[in-house]
Amino acid sequence: MKLELREITKKFGSFAANRNVSLTVEPGEIHCLLGENGAGKSTLMNVLYGLYQPTSGEILVDDLAVEFNGPSDALDCGIGMVHQHFMLVPVFTVAENVALGSESLKGASLDLETTRSKIREISDQYGFAVDPDAVVEDLPVGVQQRVEIIKALVRDAELLILDEPTAVLTPKETDELLAIMRQLKENGTSIVFISHKLREVREVSDVITVIRRGEVVGSVSPQATPGELAAMMVGREVSLSVTKAEAQAGEEALVVSDLTVVGSNGVTLLENLNLSVAKGEILAVAGVQGNGQVEFAEALLGLRKASGSIRLEGKELVGRSVRQVLEAGVGFVPEDRSTDGLVGPFSVAENLVLDLYKDPRFRSGLSLRKRAIAANAEERIAEFDIRTGSANAHAATLSGGNQQKIVIARELSRPLKLFLASQPTRGVDVGSVEFIHERIVAERDSGVPVIIVSTELDEVYALADRIAVFFHGRLMGIVGPDTPREILGQMMAGATEDEVRATPPPDGDGGPQPPAASQRDAGPSGDDPIHHDGRAVPNAPWEEQA
Amino acid sequence: MTTPTTDTPTVNAAEDLETDGPRWIGSALQPVLAIIAALLLGGVLIAATDERVMRATGYFFSRPTDTFAAAWRAASSAYEAMFYGAVFNPSGDTFTRQIYPLTETLTVATPLIFAGLGVAIAFRAGLFNIGAQGQILIGATLAAYVGFAWSMPLPLHLLLVIVAGVIGGGIWGGFVGLLKARTGAHEVIVTIMLNYIAANLLAYLLTRPAFLREGSTNPLSPPVAETAQFPLLLGPPFRLHWGFLLAIAATVFMWWVLNRSTIGFEIRAVGSNPRAAKTAGINVTKGFVVVMVMAGGFAGLAGVAQISGTEGSLSAGVAASFGFDAITVALLGRSTPLGTFLAGLLYGGFRAGAVTMQTMTGTNVDIVLVVQSLIVLFIALPPLFSAARRKRSSGAKGAAPSPSASAEGATSDGTSADAADTAQEGTGAEGPASTTPGGTKEARA
């Protein structure tokens with residue numbers, strides 16, 4: 001089906017999340033919506049899916065104006081959406097989930113047989129390999145996503161909206177998804193693909209529409225270079241890589257041995273973890289979301305009970321309170337800044353001392369030294385270029401990138417013995433990514449051991465001096481920064497380093513059955529910088545981050 | 001709002017609508033509107049229950065103006081009488097008599113302010129302290145014991161009575177914090193139960209010789225010594241005592257604690273985002289204990305104000321319903337020290353004026369209770385209003401509300417709206433409130 005958005009404007013109060021956005025999705029086209037976080041992509045899609053009503057403008061389906069007052073209206077018109085966070089009932093089977101909301105009845109009882117056969121049909125057609133009777137929570141994330149797609153297809157969706165679908169996938173799963181998208185396209189399904197990852201976008205899209213600050217900047221073909229696309233997204237030229245010197249690794253500072261974390265339900269979340277970080281090096285922890293990275297960070301900080309040992313310069317951290325760990329010189333940037341890193345209703349100035357208010361600089365006795373706190377705020381705001389109306393503005397009113405700068409500014413504003421940052425640039429605009437990466441490298445160069453936890457491989461490659469790969473709470477190995485992408489991808493999917501090396505996959509370039517990852521490495525234009533000089537040069541560290 | 005590239009434009013947009021003027025106007029406007037709306041509705045009720053109005057409605061269709069005139073007269077004279085009883089009585093023959101009502105309001109407001117601060121500070125830490133009643137009782141019990149059983153010179157004795165009241169309330173409140181910190185017990189349940197325990201403990205103590213007035217079989221303690229009482233602020237006949245100045249001091253103290261001290265920083269952080277507080281190394285469970293001790297301490301001062309200020313001895317009814325009114329006072333004051341202070345004055349005025357109203361116009365004193373309850377309801381309503389406003393602003397008719405939109409409504413109204421919701425849940429109030437808990441859940445989801 002053909003979909004047209006005409007001059008869509010969506011205002012929240014005086015703030016326009018979308019301004020005069022027009023775009024056309026031709027039948028059987030993969031149309032990518034590219035833009036930074038907060039550019040208005042999701043708002044636009046929520047308008048299209050009937051979750052929001054546009055302030056002005058109209059939606060045309062097959063040249064007929066339509067009005068959506070809710071997702072069911074959109075579904076009736078053949079528009080389906082796969083949300084970034086899946087809308088599935090974990091304890092239901094695939095068939096039950098697919099039937100949910102449009103259950104067919106046999107007498108008074110539920111008729112799942114029709115749904116089952118439909119699922120099998122679609123599953124066979126696209127090679128989904130989804131068992132209708134499997135319980136959703138037992139399925140890998142990639143398969144759960146296919147269930148979402150099936151849900152839309154069963155309802156005869158002719159246009160699929162995929163909202164950041166690759167955020168939760170391993171590189172291999174990502175490639176499988178891209179293949180599915182191509183197949184859907186061949187069968188005439190139109191796809192609106194929302195992403196900020198330039199690699200995927202260029203690989204699969206027919207048309208790319210770039211959105212910045214709620215407005216369409218332009219439409220380009222996927223042949224555009226990453227640099228051009230990034231410049232369009234940000235509105236200025238951006239530096240494409242982190243410039244960093246060779247690490248001057250010193251003595252071992254952090255030694256983690258036999259670290260085990262068991263969850264409250266008895267499930268082992270982290271098993272016998274052994275690793276060490278030296279002064280002046282960056283250890284990147286890579287892995288797909290939910291493989292124990294969060295637990296590792298929380299155990300280190302004392303937020304979670306753990307057994308084993310974490311020694312920072314010989315001092316045991318396991319069993320200490322969070323305050324003691326912070327006082328031991330650990331700087332921590334949590335993965336989710338809005339829930340763990342900031343107090344939203346607090347001012348920027350207060351957030352900048354959230355874990356420092358007991359420092360003699362900022363208090364005397366029980367009394368806070370407001371003037372010192374304000375002065376500190378002015379200093380940090382200037383130093384870290386935090387864009388805020390004033391130091392007294394509520395932190396919640398700042399953009400994601402600026403919120404993240406608050407957290408990082410706070411953590412780097414005291415002498416550290418270890419810097420641990422989880423997803424330091426998630427949801428951060430490209431301009432801030434450059435800045436944050438520079439600060440992290442600067443911290444390393446000042447001799448501080450740094451741990452970066454990131455699910456974005458590009459960020460891992462951009463920053464890492466060594467890479468530790470987590471899978472299901474276990475360490476699959478620690479490898480050098482020049483490890484090829486496909487090996488890392490296999491380790492992230494559960495192979496140890498030895499296993500990967502022992503059974504070398506057919507060599508990337510044009511083997512008979514190249515694994516998906518290496519296919520990607522070769523790239524559509526074959527100009528991927530990785531492998532060229534045997535060292536992984538991050539081709540576009542910013543590209544995951546927009 | 002400061003920059004258009006924000007992750008959550010919806011939330012910011014809601015704030016946009018609210019912060020057209022200075023921030024305090026936005027936050028004060030809602031309670032003021034609630035009060036006005038409650039008074040108007042109360043006026044309708046006064047008119048509806050007035051005998052003359054009823055008679056006039058008997059011939060409504062022949063002379064409808066009679067009904068309206070009678071209704072206006074009934075409502076306005078009732079409120080006028082309330083004003084005379086609460087603020088200024090122009091018919092008094094001396095100046096003393098004329099301003100007597102105002103001093104009476106301040107006197108009654110004193111325990112309300114103390115207890116209101118106790119509820120408010122707990123709110124700020126995200127705790128719903130409905131145990132002020134019990135904390136007042138225990139504070140009053142200890143204060144009274146020190147007051148009548150010990151004998152000491154004036155400043156020292158009074159000081160010890162005050163300390164005893166703070167300790168009594170603090171123990172009773174701290175116990176709640178301790179249970180919550182150690183076992184995760186919900187403070188609402190615990191405080192409700194402790195209210196009963198406190199009331200029954202007091203009833204029991206008043207049967208024991210140590211607490212019984214000599215030669216009396218009534219459950220009434222001996223009068224506290226002169227040296228244990230607050231000196232009168234203006235002298236007789238005014239009842240206004242130094243406890244009111246202590247209430248002002250307590251208000252300032254709470255402001256300092258919240259805004260200028262490290263403890264307040266922790267309390268507010270825990271109340272606004274416990275996870276971030278924990279990650280920043282703040283001991284959340286310890287914070288619960290500290291804030292509940294302080295909350296109980298404030299409430300205990302209300303007990304002291306009763307014992308050493310107006311009552312002079314311990315009885316089962318020493319706390320009246322101050323502990324429960326305090327919840328409303330804190331809500332109305334948006335849990336800020338100044339707001340709570342002002343709300344305490346208002347409620348003091350209601351209490352003082354209600355009596356005069358009844359004697360002058362025959363309007364039932366319970367109408368004041370109705371007005372007070374209406375205020376709470378109107379404060380709890382705004383989440384509904386903002387949800388409605390969102391619908392209107394999005395220009396949709398019958399649109400499916402998105403979850404984020406409802407969350408926006410609730411979050412934009414800040415903590416006190418949230419607290420109001422909780423209040424309704426906790427006290428089991430009926431009516432419009434029954435719709436708000438759902439909103440709360442959504443907002444927190």
Side-chain angles (χ1 to χ4, degrees), chain A residues 11-17 36-40 43 46 50-53 55 69-72 213-214 301 303 321-327 332 334 338-346 350 353-355 357-358 363 366-368 370 387-389 393 396-403 427 429, chain B residues 1-20 23 256-257 259-266 268-284 286 389-391 393-405 408 411-412 414-415:
Chain A
K11 284 189 175 174
F12 296 99
S14 58
F15 168 65
E36 294 190 77
N37 268 53
T43 307
N46 284 336
L51 284 166
Y52 291 149
Q53 276 63 44
T55 313
N69 284 322
S72 54
R213 303 205 164 194
L301 198 68
L303 283 166
S321 73
V322 179
R323 171 137 300 280
Q324 285 168 325
V325 171
L326 291 175
E327 276 167 5
F332 177 58
S338 54
T339 57
D340 294 332
L342 292 169
V343 176
F346 272 26
E350 286 176 315
V353 294
L354 195 62
D355 57 7
Y357 65 97
K358 284 204 167 159
R363 61 146 182 169
L366 277 178
S367 196
L368 290 171
K370 282 277 177 182
R387 309 268 169 88
T388 172
T397 62
L398 270 63
S399 73
N402 284 302
Q403 291 185 352
D429 50 285
Chain B
M1 249 179 309
T2 44
T3 152
T5 50
T6 160
D7 286 344
T8 50
T10 52
V11 173
N12 293 337
E15 282 180 8
D16 241 0
L17 297 174
E18 299 248 316
T19 52
D20 281 341
R23 198 168 283 276
W256 177 84
V257 165
N259 297 301
R260 287 285 183 273
S261 77
T262 54
I263 297 171
F265 191 84
E266 290 174 359
R268 286 184 295 127
V270 169
S272 307
N273 186 347
R275 288 192 52 166
K278 208 173 161 191
T279 310
I282 294 170
N283 189 334
V284 174
K286 192 184 113 198
R389 185 178 54 193
R390 182 202 60 79
K391 265 192 174 178
S393 68
S394 68
K397 291 167 197 93
S402 73
S404 67
E408 154 204 342
T411 46
S412 66
T415 43

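Lettering of chains follows the sequences in order, A, B, ..., and the numbering in each one begins at 1. Predicted model, so just to flag it, every value in this text is computed and none were measured.
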(request) Counting only heavy atoms closer than 4.5 Å, note whether N283(B) contacts chain A via side chain, backbone, both or neither. (result)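 Looking at N283(B), nothing touches chain A.
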(message) Can you list everything that forms a side-chain hydrogen bond (donor to acceptor under 3.5 Å, both in side chains) with D355(A)? Sequence neighbours excluded, please.
(response)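 Applying side-chain hydrogen bond (donor to acceptor under 3.5 Å, both in side chains) to D355(A) gives none.
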(request) Applying side-chain contact (heavy atoms from CB on, under 4.5 Å), run through R260(B) and L368(A) and close with a yes or a no. (result) CA-CA 5 Å; R260(B) 287 285 183 273; L368(A) 290 171; 5.6 Å; no
(message) Quick check on the interface: out of I263(B), T279(B), N259(B), who has the most heavy-atom pairs with chain A under 4.5 Å?
(response)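 Of the candidates given, the most pairs with chain A belong to T279(B).
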(request) Look only at the side chain of N273(B) and the backbone of S338(A), and say whether a donor-acceptor pair between them is shorter than 3.5 Å. (result)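 Yes, the answer is positive, given that a donor and an acceptor are paired below the 3.5 Å cut-off.
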(message) Working to the nearest 0.5 angstrom, can you tell me the gap between L354(A) CG and E266(B) CD?
(response)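 Result: 10.0 Å between the selected atoms.
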(message) Looking at every heavy atom in both I282(B) and Y357(A), which two are closest together, and how far apart are they?
(response)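 What the structure gives for the nearest pair is CG1-OH, 3.3 Å.
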(request) Can you sort out the partners of V322(A) under side-chain contact (heavy atoms from CB on, under 4.5 Å), two or more places apart, ordered by chain and number? (result)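 Expected list: L301(A), L303(A), L326(A).
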Proximity breakdown for [X] and chain B, heavy-atom pairs closer than 4.5 Å:
X	result
S367(A)	both
V325(A)	neither
Q324(A)	neither

(message) If you count heavy-atom pairs within less than 4.5 Å of chain B, which of K358(A), E350(A), R363(A) leads?
(response)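 Top option by heavy-atom pairs under 4.5 Å: E350(A).
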(message) Among V353(A), T339(A), N46(A), which residue has the highest count of heavy-atom pairs closer than 4.5 Å to chain B?
(response)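 Between V353(A), T339(A), N46(A), the count favours T339(A).
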(message) I want to check something: taking the side chain as every heavy atom from C-beta on, are F265(B) and V343(A) in contact at a cut-off of under 4.5 Å?
(response)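 A side-chain contact is absent here, since even the closest heavy-atom pair is not under 4.5 Å.
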